[in-house]
Amino acid sequence: MSSLLRHPRRLAATNPGLHITLDDALLRARARPCPGVAGMASVVVLDATTGATVEHYDRWRQQLGLLGFTHLRTGALSPRHAASAEEAGLQCVQRLALLELSPPRPGRPTRTTTALNASHLRAASLIDRAAFGLRWWLDDTMLSEVCLATPRFRARLIDGRESGLPGGFLISGRAGRTGYIQRLAVHPDEHRNGLGGALLVDSLRWMQRHRVGRVFVNTHVDNEPALALYRAHGFVELRDELAVFEAMIPR
């Protein structure tokens, strides 16, 4: 299979960022630097129905190494696609619980949310960094990419209970009648103030209005506060877990 490595000039949403497109005849993928981990390239396969082979991982390591990267990180992989990553020598660094809600039955709104637009992305990225730490941080460019991951999306911001400053955000999306809670972050200073629940209700009401039948979300298997939040709103954990893998890139 032939492969193509190029730096497209197209920017994600309104924010510049380095994008490296890794394509061949059977699979489309892109990579970009992880903002909080020097030398780490985050690689995402653009079609969720296909997965990388051992040959893909070997080629990507070679190509990304030529660009100065020292490590490669995958997106969240299903068990079927995780098998190829393991065979290629990548190591699992994060296990994610996958939960489903079918159909969404949100409660009444408890707090007012506002649209998260391009001018708010910087504030949202700072919340994301505080919530998830540098290793798993999504900067403003990556958050704009999350918005574009589904045909339709809803991005909302919520102010803190006392500070009046942005305290949390949620990006959700839908494709047909399937919905996704894609990124929910609340600043640690605002934990237990009901921001996460208010954002979740807002998203589920949006999905209900558009007749979404199933909603999916994933979170770290040890993130008990997030798991409790989703369970409280009717989400049920599925048998299969997702996994994120990393590998060193030989110099």
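Residues: numbered from 1 along the sequence shown. Computed from heavy atoms alone, side chains included, the values below leave out hydrogens, waters and symmetry copies.
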Side-chain heavy atoms under 4.5 Å apart, restricted to Ile/Leu/Val/Met/Phe/Trp/Tyr: what other residues fall into the cluster of [X], or is it alone?
X: I181; value: L99, L101, I158, L170, L184, V186, L195, L199, L200, L204, W206, M207, V212, V215, V217, L227, L229, Y230, F235
X: W137; value: L134
X: L238; value: V93, L96, L98, F132, W136, Y180, F216, L242, V244

Counterpart residues, side chain to side chain donor-acceptor pair (under 3.5 Å), relative to R95 (two or more places apart): E241
E87 and V54: CA distance, side-chain angles, deciding distance, side chain to side chain contact (heavy atoms under 4.5 Å, CB included) verdict: CA-CA 7 Å; E87 186 179 352; V54 173; 3.6 Å; yes
Heavy atoms, side chains only, cut-off 4.5 Å: are [X] and [Y] in contact?
X: T141; Y: R32; value: yes
X: Q208; Y: P106; value: yes
X: T53; Y: L27; value: no
X: I127; Y: E190; value: no
X: Y57; Y: T74; value: yes
X: Q94; Y: D222; value: no

Atom [atom1] of [X] and atom [atom2] of [Y]: how far apart are they, to the nearest 0.5 Å?
X: M40; Y: R73; atom1: CE; atom2: CZ; value: 4.5 Å
X: F169; Y: L116; atom1: CZ; atom2: CG; value: 7.0 Å
X: S144; Y: N117; atom1: OG; atom2: CG; value: 12.5 Å
X: Q182; Y: N218; atom1: CD; atom2: CG; value: 10.5 Å
X: S125; Y: L138; atom1: OG; atom2: CG; value: 9.5 Å
X: I171; Y: E145; atom1: CD1; atom2: CD; value: 11.0 Å

Candidates D139, L126, D140 - the one meeting side-chain contact (heavy atoms from CB on, under 4.5 Å) with L121: D140
Criterion side chain to side chain contact (heavy atoms under 4.5 Å, CB included) on Q91 and E86, from CA distance to verdict: CA-CA 7 Å; Q91 301 296 316; E86 291 179 336; over 6 Å; no
Among all residues two or more places apart in sequence or in another chain, which pass the salt bridge (charged side-chain N to carboxylate O under 4.0 Å, His left out) test with [X]?
X: R28; value: none
X: E100; value: R214
X: R61; value: D58

Would you name the heavy atoms of [X] and [Y] that are closest together and state the gap between them?
X: A131; Y: A185; result: CB-CB, 4.0 Å
X: C92; Y: A243; result: SG-CB, 3.9 Å
X: C147; Y: A155; result: SG-CB, 4.3 Å
X: G213; Y: S102; result: O-OG, 3.2 Å
X: S203; Y: S172; result: OG-OG, 2.9 Å
X: T110; Y: A198; result: OG1-CB, 3.5 Å

Partner residues of R105 under the side-chain contact (heavy atoms from CB on, under 4.5 Å) criterion, sequence neighbours left out: P103
Side chain to side chain contact (heavy atoms under 4.5 Å, CB included) between R30 and L46, intermediate numbers included: CA-CA 7 Å; R30 71 169 173 231; L46 300 184; 3.9 Å; yes
Atom CZ of R192 with >12 non-hydrogen neighbours under 6.0 angstrom: no
Heavy atoms from other residues, nucleotides or ligands near CZ of R161 exceed 12 (cutoff 6.0 Å): yes
Pairs where residues 167-184 contributes a residue and the test salt bridge (Lys or Arg N to Asp or Glu O under 4.0 Å) is met, not counting sequence neighbours: D128-R183
Any pair counted as salt bridge (Lys or Arg N to Asp or Glu O under 4.0 Å), so long as it reaches residues 225-235, sequence neighbours left out: E224-R231, R231-E237
Test item: side-chain donor near acceptor, D23 and T21, under 3.5 Å: no
Exercise: do D202 and T113 side chains pair donor with acceptor under 3.5 Å: yes
For F245, ring-ring contact (aromatic ring centres under 6.0 Å, His included) partners two or more places apart: none
Residue list, ring-ring contact (aromatic ring centres under 6.0 Å, His included) with F153, at least two apart or on another chain: none
Common cluster, M248/L90, ILVMFWY with side-chain heavy-atom separation under 4.5 Å: no
Side-chain (H120) to main-chain (A115) donor-acceptor, under 3.5 angstrom: yes
D159 backbone acceptor or donor facing R111 side chain under 3.5 Å: yes
Pair F69-I20, side chain to side chain contact (heavy atoms under 4.5 Å, CB included): steps then yes or no: CA-CA 12 Å; F69 289 99; I20 305 156; 3.5 Å; yes
